[in-house]
Amino acid sequence: MRIATYNINGIKARLPRLLEWLDETRPDIACLQEIKTQDEGFPADEFEKLGYGAIWHGQKSFNGVAILAHNAQPVETQRGLPGDPEDEQSRYLEADVHGIRVASIYLPNGNPLPGPKFDYKLAWMKRLRAHAASLAALELPVALVGDYNVVPHTHDIWSPKALLDDALRQPESIAAYRTLLADGWTDALATHYPLGGVWTYWDYQAGAWQQDHGFRIDHLLLSPVAADRLVSCGVDKEHRGRETPSDHAPTWVELG
DNA sequence: ATGGCAGAATTTTTCTGA
């Protein structure tokens, strides 16, 4: 079974690319981020034609997450990250499907820093850790996948000097990510490619794609039971080089 | 020190992203 995460940067602008990717790679579960539409604008019919059931949590202009499942309808278990009733941003959606509990995560970027956006990022990561701990107690395998907006190591970016002043590479952001992993979550790509050098994002600007100036921020975190089933994982890098692409590439795990 | 690009909603600009 393959589970993929894909920050599509706008589901309306990206629909042809997204349908093409689904048709070509047929993931069993696809978690999407940055759908950038209100609930009414979600093109569920288009996914149904390809045999995908879907749930989504939209928001006007920004954010927004969704979960697609091949030949199945995801059963929603959580909408919005618990822990702050005043947080109205659509960044977390969770479901049971194909025998696994899966969450689609769009973690706050946190720029600029210092400031309220960076504070929000760190508070969000703290809430995620608490909620993840409650999921770890389940009997089901669990996968927390999405755009974490954290570059975990210096070997996860094209140059260790890049983004040093950015929220994606701040010591506090990285520490919060490592604390989450220390609770027992496996970063699938980090485990499979321990030397790094694997990118999931390339900026639209300054010829980043052409020069392979990327970094790794899309992560698939597996509970111990799910991690035991990890067969392979990777990035559908070629899709980043197509016409009018997202700035992220689809990233996936194969579980046995 | 700054720009470079892209998407959304409109406002031919502004905000957000990473």
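This one's a predicted model, so the numbers in the text were calculated from it and none came from an experiment. Order of the sequence lines fixes the chain letters, A, B, ..., with proteins taken first and strands second; residue numbering starts at 1 for each chain.
Distances were taken from every side-chain heavy atom of A/Lys12 (C-beta onward) to each of B/dA18, B/dG7, B/dA9; the shortest belongs to B/dA9. You'll find that the side chain of A/Ser61 is closest to B/dA9, out of B/dA9, B/dA6, B/dA18. When each of B/dA6, B/dA9, B/dG4 is scored by its nearest atom to the side-chain atoms of A/Lys60, the top-ranked nucleotide is B/dA9. Nearest to the side chain of A/Asp147, among B/dA8, B/dA18, B/dG17, sits B/dA18.
Contact annotation: A/Asn149 reaches the phosphate of B/dA18 (side-chain N/O to OP1 or OP2, under 4.0 Å). Neither OP1 nor OP2 of B/dG17 sits under 4.0 Å from any side-chain N or O of A/Asn109. Phosphate contact (OP1/OP2 of B/dC5, side-chain N/O of A/Tyr201, threshold under 4.0 Å): absent.
Aromatic pair A/Tyr106/A/Phe62: ring centres not closer than 6.0 Å. A/His57 has its ring centre no less than 6.0 Å from the ring centre of A/Tyr92. Here the two rings, on A/Trp21 and A/Tyr6, have centers that are under 6.0 Å apart.
Of the residues listed (A/Ile105, A/Thr186, A/Leu181), the one engaging A/Leu221 in a side chain to side chain contact (heavy atoms under 4.5 Å, CB included) is A/Leu181, and it is the only one.
Straight-line distance between the P atoms of B/dA1 and B/dC15: roughly 23 Å, to the nearest whole Å.
One atom, CZ of A/Arg216, and another, C1' of B/dA18, lie 16 Å apart when rounded to the nearest Å.
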